[in-house]
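A short worksheet on the structure shown next.
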Amino acid sequence: MAQQSPPPFTPPPLTRLAHRDGLRRINVIQGETRVSQDKDVVLTTVLGSCISACLYDPIAGIGGLNHFLLAEPGVAETDPKSMQRYGVYAMEVLINAMMALGAQRHSLKARLFGGAMMRDGFRDIGSANAQFARRFLADERIALVGEDVGGVSARRVEFRPALGLARCRHVTDTALPPPPRAARPAPPPPPAATGDVEFF
Amino acid sequence: MSLDPYRKGQFVSQLIMTVDDSPSMRMLLRAALTDMGYRVLEAEDGVHALDTLEGVTADTVPDLVITDINMPRMDGFGLIEALRRQPDRRNLPILVLTTESSDEKKARAREAGATGWIVKPFNPEKLAAAIRRVLH
């Protein structure tokens with residue numbers, strides 16, 4: 001889907017509401033996860049080669065999104081198995097946060113965004129990210145109800161977690177800032193003591 | 001690492017039960033643990049783990065349990081407490097493997113009777129060292 005205007009799947013109510021006061025827009029940067037059951041919350045994120053899984057439980061009215069790259073922030077491990085372990089971790093953090101609010105694992109539905117091939121020095125990590133996310137959802141038997149992944153342009157995603165409504169616009173305007181990356185200026189804290197073992 | 005029956009002088013590899021509601025996580029653990037030479041028994045939550053353990057035969061008694069915390073039906077805390085109530089599982093090593101790292105949850109696991117706490121994503125070398133330590 002490479003259309004730029006009008007946006008590919010914009011539900012009219014969202015267009016109006018998105019610019020009205022009363023909606024809380026929360027930006028999610030790389031390495032972060034946000035969940036909410038508030039109908040007035042809009043989670044936004046800008047993606048390059050990163051992937052964002054927008055998960056929601058339509059019965060409980062709970063949703064959330066993460067924003068990750070298949071590599072642990074601040075860690076140089078880039079072999080496929082470490083990347084996979086990190087991806088599973090990123091997805092689990094999102095699913096656990098939703099379950100803590102009352103979502104049921106078997107009700108979850110997913111939309112995937114991102115995974116573009118960006119000229120940012122990475123090999124085509126974007127497509128590896130997208131493949132990982134699809135595989136993960138299939139293994140976990142979570143229905144993938146929509147996706148806009150791959151390509152060469154950045155994306156701006158808006159997701160209303162309580163409603164499960166998402167829209168994704170391709171960003172090709174060079175005046176736009178590049179998607180924020182964890183490495184700088186503000187790295188999200190890596191999971192504390194990752195892989196560390198503490199004996200009781 | 002490959003399976004070596006003479007490693008640590010044992011002829012039958014030790015059995016590890018993994019308890020996690022995520023099939024992806026169970027697959028990652030199975031791959032890592034079989035690489036280390038262990039046999040693996042899986043359960044998808046605390047209830048499933050207890051049911052499975054009730055039906056084990058002599059050669060499917062796990063030497064170690066690695067459990068997640070956040071799971072439906074019965075979470076990791078509930079599983080550890082239930083296992084510690086069984087006289088023959090008082091000394092079974094139980095490692096918690098979780099995304100959580102709060103002191104409060106660690107304290108709860110310690111009180112329930114867990115042997116150790118590992119934060120995801122796991123590192124295979126650190127996991128292998130932890131397993132060797134609790135199995136011997």
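Naming: A, B, ... by sequence-line order, numbering from 1 per chain.
Side-chain heavy atoms closer than 4.5 Å link hydrophobic residues (I, L, V, M, F, W, Y) into clusters, and following such links, possibly through other members, connects L137(A) to F132(A). Placement of I142(A) and L101(A) within a single hydrophobic cluster is found when ILVMFWY residues are connected by side-chain heavy-atom separations under 4.5 Å, directly or transitively. Placement of L144(A) and I59(A) in two distinct hydrophobic clusters is found when ILVMFWY residues are connected by side-chain heavy-atom separations under 4.5 Å, directly or transitively. Hydrophobic clustering of Ile, Leu, Val, Met, Phe, Trp and Tyr side chains at less than 4.5 Å, counting indirect connections, keeps V35(A) apart from I26(A). Side-chain heavy atoms closer than 4.5 Å link hydrophobic residues (I, L, V, M, F, W, Y) into clusters, and following such links, possibly through other members, connects L55(A) to V88(A).
Rounded to the nearest 0.5 angstrom, T98(B) OG1 and Y89(A) OH are separated by 9.5 Å.
For a heavy-atom cut-off of 4.5 Å, chain A lies close to D21(B), S22(B), P23(B), S24(B), M25(B) in residues 17-25 of chain B. Within residues 68-86 of chain B, the residues approaching chain A closer than 4.5 Å by heavy atoms are, in numerical order, D68(B), N70(B), P72(B).
Nearest approach of V197(A) to K126(B), heavy atoms of both residues: CG2-O, 3.9 Å.
For R105(A) and D45(B), the salt-bridge test fails: no basic side-chain N is under 4.0 Å from an acidic carboxylate O.
Only the side chain of V134(B) comes within contact range of chain A, with at least one heavy atom under 4.5 Å from a heavy atom of that chain. With a 4.5 Å cut-off on non-hydrogen atoms, A109(B) touches chain A through its backbone and its side chain both.
For the pair R85(A) (side chain) and F122(B) (backbone), a donor-acceptor distance under 3.5 Å is present.
Sparse packing is recorded around CG of N91(B), with 12 or fewer heavy atoms of other residues, nucleotides or ligands lying under 6.0 Å away.
For the set L95(B), I118(B), L97(B), V96(B), the count of heavy-atom pairs under 4.5 angstrom toward chain A peaks at I118(B).
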